[in-house]
Amino acid sequence: MKMTQATQALLKDKAYINGQWHDANDKAVFAVYNPATGEKITQVPNMGADETAKAIAAAAQAFPAWRALLAKERSKILKKWHQLIVDNVETLALLLTTEQGKPLAEARAEILGGSNSVEWFAEEAKRIYGDTIPTHKADARIIVTREPIGVVGAVTPWNFPSAMITRKISPALAVGCTIVLKPAEDTPLSALALAALAEQAGFPPGVINIVTGDRKAAATIGKTLTSDPAVRKISFTGSTEVGKTLMRQSADTVKKISLELGGNAPFIVFESADLDKAVDGAIISKFRNAGQTCICANRIFVQDSVYDDFASRLVERVKKMKIGAGIEDGVVIGPLINERGVEKVRRHVEDAVKKGAKILFGGKTLERGPLFFEPTVLRDMTDAMAIKEEETFGPVAGLFRFRTEEEAVRMANDTQYGLAAYFYTRDLAQAFRVSERLEYGMVGINEALLATEVAPFGGVKESGIGRENSKYGIEDYTELKYSLVGGIQ
Ligand code: NAP
């Protein structure tokens with residue numbers, strides 16, 4: 001990575017606890033690699049239960065003073081953080097691409113999109129309204145207020161190593177909560193850079209704490225966060241499997257929970273669709289971040305009469321996609337995050353081919369490096385294939401065929417997931433009918449980019465609990481308090 005003064009200032013090799021940059025107690029570290037080159041970028045502390053407990057204690061100590069600030073004072077610090085993120089977008093994007101692999105343009109978009117959450121919640125900090133309720137007794141009054149829930153334990157994934165953090169911690173900070181956050185092993189650097197800017201913005205010590213740990217340490221850190229009674233809420237983004245574990249572990253201390261988990265998004269192309277727009281949408285929805293987004297189209301359902309036409313248009317577009325390191329000009333597909341990710345993609349393609357799918361384009365890794373997988377289009381997909389059940393989390397577009405609207409909706413809903421769904425139609429009645437029948441938290445109708453700070457992001461079924469961003473996202477970090485004031489004669 002090109003080491004400018006700006007990069008040096010934000011490239012941290014220590015964790016951040018109670019306003020100080022810390023090593024692990026035993027000085028253990030783990031390496032962070034550039035997935036495009038396999039080179040080591042730096043190393044960060046490999047922490048465990050003791051350091052996590054220390055971070056929780058710091059967050060608990062910082063909580064009373066942070067919640068007692070006027071909303072406007074918290075808002076000012078959040079706004080300053082937002083501005084610092086925007087001012088440092090180029091450095092943050094370079095750092096993100098270097099540790100995560102996505103094209104620089106996508107990294108920039110992630111940083112700015114994530115900073116929008118900070119700005120939005122800085123504004124919302126001043127609007128945490130309660131209620132007064134018409135009384136049931138002449139001499140009493142009912143007041144309902146919203147209070148910060150307390151210390152929040154947050155765990156975030158590698159696929160959006162910046163935006164998943166700002167989206168979680170901004171509403172929590174805005175309402176007066178304090179945070180202990182564990183970023184993913186593959187991408188701790190974006191988290192630490194955000195903490196460095198938060199420090200500059202003036203968050204008091206203990207309000208934001210970042211504990212780093214590798215994949216083995218994750219379970220210990222998670223266990224500490226979920227078992228400590230001082231942590232009042234767990235907010236997690238990642239796989240459904242780990243989400244369920246954290247939910248189980250949180251039961252003993254009855255914590256509030258927000259889970260943003262896996263998806264298996266259907267992308268339906270009806271014969272009534274504008275096919276060019278549907279192809280544009282499929283490219284964005286399927287191949288952004290090399291297919292490693294939780295709201296990626298995973299099963300593409302195309303109506304019989306337009307199936308071949310859609311398939312050939314999609315292949316023409318996919319053929320032109322430039323693959324390479326995210327920092328290279330014009331690259332739209334970077335490397336996958338790690339060998340585990342590549343293995344899953346390879347398994348899905350092999351399984352589909354074995355069961356009768358045909359590869360229209362791609363299908364293998366590139367000589368350029370072990371983590372580069374070609375954007376791939378498969379046709380003749382069936383329900384017997386792994387892609388029908390599991391999120392591929394890679395650049396593989398599998399095309400399923402359907403005949404009727406009824407059949408498309410049934411196939412789309414035939415999964416335990418319910419995060420995002422997409423469909424393309426120019427038939428207004430069909431748009432309403434299908435949208436209402438899809439069992440998903442988010443639906444894109446002739447639109448493939450759903451995330452924005454102003455709208456509620458989240459899923460139903462085994463895709464999660466709660467919503468992030470928007471006015472609904474802030475409620476998850478508050479508790480309602482009902483006060484009955486008597487003796488009013
Ligand atoms: P993951 O394995 O669940 O990891 C997510 C985070 O959990 C990482 O920080 C990981 O640490 C940590 N972790 C792993 N095991 C843990 C444990 N036992 N206790 C506590 N923390 C633990 O998921 P991933 O493979 O990194 O991410 C991909 C998944 O996230 C996909 O399923 C995707 O759909 C989902 N996702 C969902 C959303 C959404 O908003 N719904 C957004 C993005 C991603 P290590 O990295 O150190 O293992």
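Side chains are part of it too, since the values below use all heavy atoms of this structure and drop only hydrogens, waters and symmetry mates. Indexing begins at 1, ligand by ligand and atom by atom, following the structure's order. Positions are given from 1, in the same order as the sequence printed here.
Contacts with ligand 1 closer than 4.0 Å are made by no heavy atom of Phe160, backbone or side chain. Of the heavy atoms in Thr156, only backbone atoms (N, CA, C, O) come closer than 4.0 Å to ligand 1. Contacts with ligand 1 closer than 4.0 Å are made by no heavy atom of Glu468, backbone or side chain. Looking at Asn159 against ligand 1, only its side chain comes within 4.0 Å, counting heavy atoms. Using a 4.0 Å cut-off between heavy atoms, Ala217 makes no contact with ligand 1 at all.
Under the 4.0 angstrom criterion, atom 9 (O) of ligand 1 counts as having a protein heavy-atom contact.
Closest to atom 5 (C) of ligand 1 by heavy atom, among Thr237, Thr220, Leu259, Thr245, is Thr237.
With a 6.0 Å cutoff to the six-membered ring centre and a 45° limit on the axis angle, Arg299 does not count as a cation-pi contact of Phe267. The cationic atom of Lys233 (NZ for Lys, CZ for Arg) lies less than 6.0 Å from the six-membered ring centre of Tyr477 and within 45° of the ring axis.
Using cut-offs of 30° and 60° for the angle between ring planes, the Trp81 and Phe203 rings count as perpendicular. Ring geometry, Phe400 versus Phe301: the interplanar angle falls from 30° to 60°, so the pair is classed tilted.
Ion pairing of Glu51 with Lys54 is absent here, as no side-chain N (NZ or NE/NH1/NH2) approaches a carboxylate O to less than 4.0 Å.
Heavy atoms of Gly458 stay at 4.0 angstrom or farther from ligand 1.
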